[in-house]
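Source: prediction; values computed, not measured. Side chains included, hydrogens not; waters and symmetry mates left out as well; all remaining heavy atoms used. When a residue number appears, it is its place in the shown sequence, counting from 1.
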Amino acid sequence: MSELHDLTATEQVELLRQGATTSVELTEHYLARIERANPTLRAFTTVDAEGARARASAADAAGRPGVLRGLPIGDKDLTNRAGVATTYGSLAMAGYVPDLSDPLVTTLDGNGAVSLGKTNTPEFGFPSYCENRLPGGVARNPWDLERGPGGSSGGAAVAVAAGLLPVAPGSDGGGSIRIPAAATGLVGLKPSRGRVPDGSGLGSLAGLPVAGPLARTVQDAALLLDAMIARDAQGHVLNRFSTRAPEPPRSYHEALDATYGIRPLRIAWNMWTPWSPTYEIDFDDAAVAALDATLDVARRLGHEVVEFTPGAEPDYFEAFRAVWRGGAASLPLTEQQLELVEPLTSWLVRSGRELPVAELARGLGALAGFEQRIVAQYAEFDAVLTPAMALTPRPLGWFDAEDGERNFMQQCQYTPFTSYVNVAGLPAMSLPVTAEPLPMGVHVIGRPGDELTLLRLARDLEREFEWNRRAPAWALGDSATSRR
């Protein structure tokens, strides 16, 4: 007999709707799993059991309203929830408890989510891994405890992959949803710019970050995406990133559920990255194999598949680094706090504060031009496929802990395909194509505002690869059951 955590989020919400379970029952189930597993996996930095029980009781008393009807989730530890400690993954923020909740939190609460606590993240969410210097700050990949889950939404990914949460929100400023999804065998969706609140209390960082769902299935990702979108009383989306973006459906979950198969698409693929003129990019065989397998299935499903490589972008390296450092420089850290941060953060903040205004302005202008060119070049395609990562999930401690600039280079070499999609503001998904011996994903980029086509394509690929039947076997007393 399946346990509650073996059910999909969609199935759990249906049980809540029918009254076959309660939010309190689900909350207690997941809190018990977290209590047993978190000392090893370190998915959560803060478990707010008392607050979770109060929120679950309130959801049950209100008739389990909203899209999620009292479904448990976790807040990423970059997202402010009033009255709950927010560490931002940093010793410099020890003891910080926000007075106000971020818009993403209030939106999720209004749609029936019940937060169980704060999920682990690296310091200020800058890295593409999930290791920080806080007690218990190194998250472990449930597929291999000696490897990391990717970042910066690594704790959220660990929690979902290990069955400690049914779904979880993440935020993505350069790949921070898609990278951990690929590393832990999940579906991760970065929506179009502005579709969802950015999910971070750190500011907009030139519009790069956006929040999105991490889930085991495409249908569950659509469900959580619906809950993360702020709408007015008439159901219209409050966040619109540009006039290019169409109004989304009233429910991605219902639109996806009503679709059987997808029309033939024009799909491009490439292994192009704007980092390659500066950094040497090597590819693990698993990254190439995952892409090749996906292209073969796409052709068999009747889609037109063509190779397309964007033009050279020699200014991207300096422009992105200038904007990333400029964003870091805006962190309100005192000199005393800077003495507590990690070398990567110190390098980003200090070099950003020394950055000439003219150089930052040139960087912003260069990235605006880059956005226009990429959107125009990809416009003739319904989707563009790349590897999700160049390398398999990295061993713990692989990223340089002392040299911030070298650390930045390693991150670009690990995941060279994700950041430019944030610059372009396009929607993108990481899909867990393979899992032996470690998860490896493929990266699917869509047109502005067209998350629905991505979800439909992803759902068809899911049926072929059956990744929803896979789960990690991790060495704990009640390890996640295999769904093969």
*side chain to side chain donor-acceptor pair (under 3.5 Å), paired with Lys118, selected from Asp75, Thr86, Asn80*: Thr86
*salt_bridge(Asp284, Arg394) N-O dist < 4.0 Å*: yes
*Which heavy atom in Val210 sits nearest to a heavy atom in Pro191, and how many Å separate them?*
CG1-O, 3.5 Å
*Is Asp144 salt-bridged to Arg147, cutoff N-O under 4.0 Å?*
yes
*Taking atom types as modelled, find out whether Thr79 and Asp102 have a side-chain donor-acceptor pair closer than 3.5 angstrom.*
no
*asked:* How long is the straight-line distance from CZ of Arg353 back to CG of Leu338, given to the nearest 0.5 Å?
replied: 5.0 Å
*Do side-chain atoms of Asp382 reach the backbone of Ile267 as a donor and acceptor pair under 3.5 angstrom?*
no
*N/O donor-acceptor pair under 3.5 Å between Asp226 side chain and Leu223 backbone*: no
*Going by atom types only, do Asn468 and Thr217 share a side-chain donor-acceptor pair under 3.5 Å?*
no
*Check whether the side chains of Thr10 and His253 place a donor and an acceptor atom closer than 3.5 Å, and report yes or no.*
yes
*Examine Phe320 together with Tyr420 and report whether their ring centres are nearer than 6.0 Å.*
no
_Test item: Tyr316 and Leu367 side chains (from C-beta on) under 4.5 Å apart, heavy atoms_ = yes
*Which heavy-atom pair separates Ile281 from Ala390 by the least distance, and what is that distance?*
CG2-CB, 4.3 Å
*Do the non-hydrogen side-chain atoms of Val167 and Ile73 ever get within less than 4.5 Å of each other?*
yes
*Indicate yes or no for a side-chain donor-acceptor contact from Asp220 to the backbone of Ala215 under 3.5 Å, with no hydrogens or angles considered.*
no
_Within the 3.5 Å criterion, strictly below it, is a donor on Thr45 or Asn120 matched to an acceptor on the partner's side chain?_
no
*Do Ser153 and Ser176 come close enough that some side-chain heavy atom pair is under 4.5 Å?*
yes
*Checking side chain to side chain contact (heavy atoms under 4.5 Å, CB included) for the pair Leu71/Gln12: CA distance, chi angles, key distance, verdict?*
CA-CA 8 Å; Leu71 189 74; Gln12 292 177 48; 3.8 Å; yes
_Can a donor-acceptor pair be found, under 3.5 Å and without considering hydrogens, that links the side chain of Asn141 to the backbone of Ala183?_
yes
*Would you name the heavy atoms of His303 and Ile262 that are closest together and state the gap between them?*
CE1-CG2, 3.6 Å
*Which atom of Leu41 lies closest to which atom of Ala162, heavy atoms considered*: CD1-CB, 3.5 Å
_Pair Glu123-Thr345, side-chain donor/acceptor within less than 3.5 Å_ = yes
*asked:* Classify the ring geometry of Phe126 against Trp324: parallel below 30°, tilted from 30° to 60°, perpendicular beyond 60°.
replied: perpendicular
*Between CD on residue Gln219 and CZ on residue Arg459, distance to nearest 0.5 Å*: 7.0 Å
_Before you tell me yes or no, could you show the steps for Tyr129 and Tyr414 under ring-ring contact (aromatic ring centres under 6.0 Å, His included), namely the whole-Å CA-CA distance, both residues' side-chain angles and the distance that decides it to 0.1 Å?_
CA-CA 10 Å; Tyr129 51 90; Tyr414 175 40; 8.7 Å; no
*Within the distance-only criterion (no hydrogens, no angle test), does the side chain of Arg195 pair as donor or acceptor with the backbone N or O of Gly449 below 3.5 angstrom?*
yes
*Can Glu405 and Arg325 be said to form a salt bridge (charged side-chain N to carboxylate O under 4.0 Å, His left out), step by step?*
CA-CA 11 Å; Glu405 191 160 6; Arg325 288 151 57 207; over 6 Å; no
